[in-house]
Amino acid sequence: MACRSTVPGLLVGVLAAAPLALAAAPAEAEGQIQLRCDGTLLAARGSAERKRSTERLRVSLGLEAEAGSADGVLGLLQERLAAVRQQLLQLGVQELEVGSPSTWQTSGPRLPAQVSASLQLTGLVSPRSLQALVRGVGSLPGVRLAPVSAAADPAGDAASRRSLLRAAYQDALQQGLDLAGAMGLEGTLKPMEVLPEGGPRPGQRRVMAAEAAPFDPDELAAPVDRLSLQVRFCAH
């Protein structure tokens with residue numbers, strides 16, 4: 001899908017007037033590398049975003065139990081975990097991860113001491129499993145569903161990042177050209193330094209209790225990759 005650049009606010013600044021030299025990365029064995037600008041140094045921050053197709057859902061849920069003893073609560077938690085695991089396997093869950101359980105004691109003025117236990121599970125399911133996840137897994141005893149996020153196919157991550165880098169750089173270059181024109185500078189802009197600042201951020205939507213209408217995966221926010229970078233140009 002096509003990238004589009006976004007400009008939340010023009011973030012272009014004049015850093016210095018020429019002539020001047022910029023010190024780059026930390027010194028290596030040969031010494032420091034100097035980037036020289038015999039003109040006016042400009043800085044611009046470009047950004048771009050790319051909406052992608054939802055290929056799977058990243059799910060997270062908590063599992064809890066309570067009993068009168070540590071042995072009893074861990075046994076109950078294990079039974080509930082077996083039921084949850086079975087449901088998730090029926091949904092074709094991938095990359096299932098089950099955290100280690102934690103226990104703690106609870107008590108009150110008029111309540112006997114109890115031992116509580118909990119653990120976390122995460123995994124990936126197909127979008128068509130959303131309804132079964134919410135109604136089937138979410139209704140099991142002790143289950144707390146966390147927000148579900150839409151995820152894109154990771155096989156396309158590298159291509160998406162390349163597209164974002166190109167679009168974000170073009171955005172920064174256009175901002176630099178606009179500023180140079182406003183300042184009456186003529187000639188070309190030479191890139192001196194490029195610093196990528198962003199990465200993919202999937203869209204999210206909180207799963208709520210089911211009513212009459214089924215949960216529709218198409219209503220989830222689609223995954224959106226975003227990237228920004230800062231570029232320093234030398235205007236001649």
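Fair warning: this is a prediction, and the values are worked out from it, not measured in the lab. The figures here come from the full heavy-atom set of this structure, side chains too, leaving out hydrogens, waters and symmetry mates.
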**Asked** Just by modelled atom types, is the A43 backbone N or O under 3.5 Å from a matching donor or acceptor in the Q230 side chain?
**Response** no

**Asked** Which residues satisfy the side-chain contact (heavy atoms from CB on, under 4.5 Å) test with L173, sequence neighbours excluded?
**Response** Y169, Q170, L177, L189, F233

**Request:** Kindly write out the residues that satisfy side chain to side chain donor-acceptor pair (under 3.5 Å) with S126, not counting sequence neighbours, or none if the list is empty.
**Result:** S129

**Message:** Test: side-chain hydrogen bond (donor to acceptor under 3.5 Å, both in side chains). Region: residues 90-99. Which pairs qualify, not counting sequence neighbours?
**Reply:** none

**Message:** Show the nearest heavy-atom pair for residues P196 and L229, with the distance to one decimal.
**Reply:** CA-CB, 3.6 Å

**Fill in**
Closest heavy-atom pair, A44 versus Q175, reported as atoms and distance to 0.1 Å, is CB-CB, 4.1 Å

**Separation between CG of D225 and NZ of K51, rounded to the nearest 0.5 Å** = 12.5 Å

**Request:** Might you work through the side chain to side chain contact (heavy atoms under 4.5 Å, CB included) test for V231 and L42, ending with a clear yes or no?
**Result:** CA-CA 8 Å; V231 186; L42 308 177; over 6 Å; no

**Request:** Decide yes or no for R226 and S228: does some side-chain heavy atom of the first lie under 4.5 Å from some side-chain heavy atom of the second?
**Result:** no

**Request:** Determine, stepwise, if the pair L133 / V148 fulfils side chain to side chain contact (heavy atoms under 4.5 Å, CB included).
**Result:** CA-CA 10 Å; L133 172 72; V148 173; 4.2 Å; yes

**Request:** Answer yes if L119 and W104 sit in the same cluster of Ile, Leu, Val, Met, Phe, Trp and Tyr residues linked by side chain heavy atoms under 4.5 Å apart, and no otherwise.
**Result:** no

**Item:** Considering all heavy atoms, the nearest A222-T54 contact
**Value:** CA-OG1, 4.0 Å

**Request:** Tell me who clusters with V73, hydrophobic residues only, linked when side chains sit under 4.5 Å apart either directly or through other members.
**Result:** L74, V115

**Complete:** Residue set satisfying side-chain contact (heavy atoms from CB on, under 4.5 Å) with S100, at least two apart, ordered chain then number -> none

**Item:** Pairs where residues 136-153 contributes a residue and the test salt bridge (Lys or Arg N to Asp or Glu O under 4.0 Å) is met, not counting sequence neighbours
**Value:** E64-R144

**Complete:** Output for pair (L140 CG, R135 CZ), nearest 0.5 Å, gives 12.5 Å

**Message:** Nearest 0.5 angstrom please: L96 CG to T122 OG1, how far?
**Reply:** 7.0 Å

**Asked** Is there a side-chain contact between S47 and D171, using heavy atoms and a 4.5 Å cut-off?
**Response** yes

**Request:** Tell me, please, which residues at least two apart from Q174 pass side chain to side chain donor-acceptor pair (under 3.5 Å).
**Result:** D178

**Complete:** Smallest heavy-atom separation, A150 atom then P223 atom, equals O-CG, 3.6 Å

**Message:** Can you list everything that forms a side chain to side chain donor-acceptor pair (under 3.5 Å) with Q87? Sequence neighbours excluded, please.
**Reply:** none

**Request:** Apply side chain to side chain contact (heavy atoms under 4.5 Å, CB included) to L124 and L57, showing your working.
**Result:** CA-CA 5 Å; L124 299 168; L57 302 179; over 6 Å; no

**Taking every non-hydrogen atom, the tightest pair across G123 and V93** = CA-CG2, 4.0 Å

**Message:** Pair L121, L81 - check side chain to side chain contact (heavy atoms under 4.5 Å, CB included), show working.
**Reply:** CA-CA 9 Å; L121 298 91; L81 174 60; 3.6 Å; yes

**Message:** What's the separation between atom CG in L63 and atom CD in Q78, rounded to the nearest 0.5 Å?
**Reply:** 11.5 Å

**Item:** Closest non-hydrogen atom pair between A48 and A167, with its separation
**Value:** CB-CB, 3.6 Å

**Partner residues of P154 under the side-chain contact (heavy atoms from CB on, under 4.5 Å) criterion, sequence neighbours left out** = R56, D157

**Item:** Contacts of type side chain to side chain donor-acceptor pair (under 3.5 Å), residue S116, not counting sequence neighbours
**Value:** E66

**Request:** Answer whether the closest heavy-atom distance between the side chains of V137 and L91 falls below 4.5 Å.
**Result:** yes

**Distance, nearest 0.5 Å, that separates CZ of R232 from CE of M192** = 9.5 Å

**Request:** State which residues pass side-chain contact (heavy atoms from CB on, under 4.5 Å) with T188; sequence neighbours excluded, sorted by chain then number.
**Result:** none

**Prompt:** Going from CZ on R50 to CZ on R162, what distance comes out if it is rounded to the nearest 0.5 angstrom?
**Reply:** 10.0 Å

**Prompt:** Are the side chains of S60 and P147 in touch, meaning some heavy atoms are under 4.5 Å apart?
**Reply:** no

**Fill in**
For residues 78-93, the salt bridge (Lys or Arg N to Asp or Glu O under 4.0 Å) pairs (sequence neighbours left out) are none

**Prompt:** For V59, which of L145, V134, L130, V125 qualifies under side-chain contact (heavy atoms from CB on, under 4.5 Å)?
**Reply:** V125

